[in-house]
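Heads up, the thing below is written out as structure tokens.
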Amino acid sequence: MRILFLGTAASEGWPAVFCQCRNCERAREIGGKNIRTRSSVIINSDLKIDLPPDTYHHKISYDVDLAKIDFLLITHSHQDHFYPEELNMRAEPFAKLKNGKFLTVYGNEKVHEKLLNVLTKKTLESSVRIKVVEPFKSFRMGQYLVTPLLADHDKNEQCLIYVISDGERMILYGHDSGWFPEETWNRLAGFKLDLVIFDCTNGPSPEIRYHMGIEGVLRAKEEMVKMGVASNDTIFIATHFSHNGGLLHEELEGKLKPENVHVAYDGMIIDIPPR
Ligand SMILES: [Zn+2]
Ligand SMILES: [Zn+2]
Ligand SMILES: [Zn+2]
């Protein structure tokens, strides 16, 4: 399984769109891994998670062929994860596709509602299908088996995190989320994860509701190992960083690397070899 991190920032990006704070200025000065766009990953070459407003930038920065994406999983409808208007660009006359395959978008009720509001008749008839998913109800999509779990995030919708298996390896895409709800922990107990991606928006703050920070990530990691959901071989990754957390890439690494947690950056690729 291959995972490409397209973006690793919280909703405002880092440097943030309109911000002049010291942390944004430091990121601009140092550049490199400190420049973070809105969060998304591509798994193998056919599965994408979330559709942030920076998707076009991701396409041209990493030479990604988005026409090869068959499955799009949406975690929740916040603007940094979901810019549904973009999907109209997948239909004629905006896109000429060689294989004529549909893209299927999976998401909660709110995502479904927003898609129906913005997708044109043409897009729905020729290019994009929608499937509503519910927490704790596993489903198949191509070679993948996916289990949506409930996050601790915006209470106005069922925000989801996903356990995804490609038949070889199993990962948890764990954001946006604060400390996982009890029912999510209970369901996680049945899995053996090869890789876990955690929400680290709050940086050095101990707050673990709505989003987590370093402390929450380390506690959640410890809990997973204790439960046997993860082991010493499991790869742990923190992402979705905010300028309000203040720690630049190297400073985050200073805190997380000794604890065996990778700090994600835009363009990072993780290859997990088959068993
Ligand atoms: Zn977010
Ligand atoms: Zn800022
Ligand atoms: Zn969110």
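Order of appearance sets the numbers: ligands from 1, and atoms from 1 within every ligand.
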Flag if over 12 foreign heavy atoms under 6.0 Å of CG, Asp63: no
Can you classify the ring geometry of His175 versus His240 as parallel (below 30°), tilted (30 to 60°) or perpendicular (above 60°)? tilted
Near the Zn ion (ligand 2), which protein N/O/S atoms fall under 2.8 Å? Cys19 SG, Cys21 SG, Cys24 SG, His243 ND1
Considering residues, nucleotides and ligands other than Lys155, do more than 12 of their heavy atoms fall under 6.0 Å from its NZ? yes
Side-chain touch Leu149/Phe136, heavy atoms, less than 4.5 angstrom: yes
Check Glu215 with Arg219, please: is the shortest side-chain N to carboxylate O separation under 4.0 Å? no
Distance under 6.0 Å and angle within 45° of the ring axis: does Lys221 meet both against Phe236? yes
For His78 and Tyr210, take the angle between the two ring planes, folded into 0 to 90°, and tell me which bin it lands in: parallel under 30, tilted 30 to 60, perpendicular over 60. parallel
Around the Zn ion (ligand 1), what protein N, O or S atoms are found below 2.8 Å? Asp80 OD2, His81 NE2, Asp176 OD2, His240 NE2
Nearest 0.5 Å, what's the CZ-CD distance between Arg90 and Glu86? 12.5 Å
Under 6.0 Å from the ring centre and within 45 degrees of the ring axis: does the NZ or CZ of Arg209 meet both conditions for the six-membered ring of Trp179? no
